[in-house]
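Right, one structure below, let's go through it.
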Protein chains: 2
Amino acid sequence: MATRTDAPTRREQILKEAARLFAERGFHGVGVDEIGAAVGISGPGLYRHFAGKDAMLAELLVGISGQLLRGAKRRLAEADGEAPGAVLDSLIEGHIDFALDDRPLITLHDRELDRLRDSDRKLVRQLQRQYVELWVGVVREVYPAVGEPAARSAVHAVFGLLNSTPHLGRPSRAATAGLLHRMARGAFDAVGGAG
Amino acid sequence: MATRTDAPTRREQILKEAARLFAERGFHGVGVDEIGAAVGISGPGLYRHFAGKDAMLAELLVGISGQLLRGAKRRLAEADGEAPGAVLDSLIEGHIDFALDDRPLITLHDRELDRLRDSDRKLVRQLQRQYVELWVGVVREVYPAVGEPAARSAVHAVFGLLNSTPHLGRPSRAATAGLLHRMARGAFDAVGGAG
DNA sequence: CACATGCGTTAACGCTCATTAACAAGGGGA
DNA sequence: TCCCCTTGTTAATGAGCGTTAACGCATGTG
């Protein structure tokens, strides 16, 4: 992954601000004029960059799901020979990084999915499902006694735990990350022991 | 607490359906006509029972927060002489019951708070804060090594875990409840050990 | 019987807001 | 220099939707 050094394009500015606003007040709660104002242009000027408000949301949600899945696949590939526990730790770490660095997107992720066109919604759901199943596979390697339905529920529950970052205070990033990581592992351990 | 046996009043029907619809498609995503249709009357008929759409949301959110807090206080009082761990288990159990029995309300709880009038929002936040602090106190009794900020973060994270029920499949209620309970305790144990 | 009150109905109003129309300015290439 | 493409602007349009108006009809009570 190349680290970006060039200036963000206008499209990217818009997406970033739109994500923040959508997360703060919901998709319907934000007007196009506000989004425009957030990047210094006004209202209908956005239509030079996006087909419409829906298109912004779609691009955001598809982008999130894709990024999460891609990152998880990469970590899975990189940690090839490692112990299963280490792979799970890597997944957790990746998800925490994302939740801490892109809080607005995390909020959107499970809040505004319904507003998408059918095709986009299906795509996002498919990416999400792949991401979940990838986790389920790793969890079942670490805890062989756990059945598949229990593992899937546990993964969803841990996502809920990790995605709680928007509600958290702002102590040091490292402290928060460490706390969440330990809690996630502890939660998985608890189902692994009693399956 | 007296168990209701009489038929639900129209107001209650409306609140129940409104909660479901708001949770499914968001406050702005559902029209008054839909809410009316859900209880067999149409559109403006709702105004015989509520001052407006906002009033329904306000009553729902205040009701949720109050109910959660009241239940927690009751459990705290009932489990007076018990070990701290048992009290924490009781809180967890109460929250799980609520999350499983009133999924729509749980969803609303942290999704649509901003749409309230200032006074209502303050009230809800105050109730939520009391609920959190009550948990924080119990957690710190069970795990004396944990500092207050960490305990508060941990409580929020566990709420995220427990509130993940809307994303879960539907195995038996008991199985889901047991799984969530074990995971919540495991998550707390993980911060208690390494504080 | 008369009448108030509770609970609905449908029609109209008015506001918000996404989208489109019409127009302007900058800037790089032929 | 002359275009034309990009990227804006403001004004107009049109739909959706919360709310209110005006009216009907039961029911129980004096």
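The sequence lines fix the lettering, A, B, ..., with proteins before strands; numbering per chain opens at 1. Below, each value reflects all heavy atoms present in this structure, side chains not excepted, and no hydrogens, waters or symmetry copies. What you see is a predicted model, and the numbers here were worked out from it, not measured in a lab.
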With heavy atoms of chain A within less than 4.0 Å as the criterion, where does contact along DNA chain C begin and end? C:dA18 to C:dC23
Below 30° counts as parallel, above 60° as perpendicular, anything between as tilted: where do the rings of B:H167 and A:H156 land? parallel
Once the angle between the rings of A:W135 and A:F188 is folded into 0 to 90°, is it parallel (under 30°), tilted (30 to 60°) or perpendicular (over 60°)? tilted
N or O in side chain of A:R10 less than 4.0 angstrom from D:dG8 OP1/OP2: yes
Would you tell me if any nitrogen or oxygen in the side chain of A:H49 comes within less than 4.0 Å of OP1 or OP2 on D:dG8? yes
Output the rounded distance in Å from [atom1] ([X]) to [atom2] ([N]).
X: B:L46; N: D:dC17; atom1: CG; atom2: P; value: 15 Å
X: B:L21; N: D:dG18; atom1: CG; atom2: P; value: 12 Å
X: A:Y47; N: D:dT10; atom1: OH; atom2: C1'; value: 15 Å
X: A:K53; N: D:dA15; atom1: NZ; atom2: C1'; value: 14 Å

Cationic N near anionic O, under 4.0 Å, B:E12 to B:K16: no
Regarding B:R20 and B:E17, does a basic nitrogen lie under 4.0 Å from an acidic carboxylate oxygen? yes
Would you say that A:R11 contacts A:E59 through its side chain, given a criterion of any heavy-atom pair below 4.5 Å between the two side chains? yes
For [X], answer base if it contacts any base atom (sugar-phosphate contacts may also be present), sugar-phosphate if it contacts only those atoms, and nothing otherwise; contact means non-hydrogen atoms under 4.0 Å.
X: A:V30; result: sugar-phosphate
X: A:G52; result: sugar-phosphate
X: A:G31; result: sugar-phosphate

Between A:V142 and A:G85, the two heavy atoms sitting closest are CG2-N, 3.8 Å
Pick the closest DNA chain C nucleotide for A:P44 and for A:G29 by heavy atoms, then say which residue is nearer the 5' end. A:G29
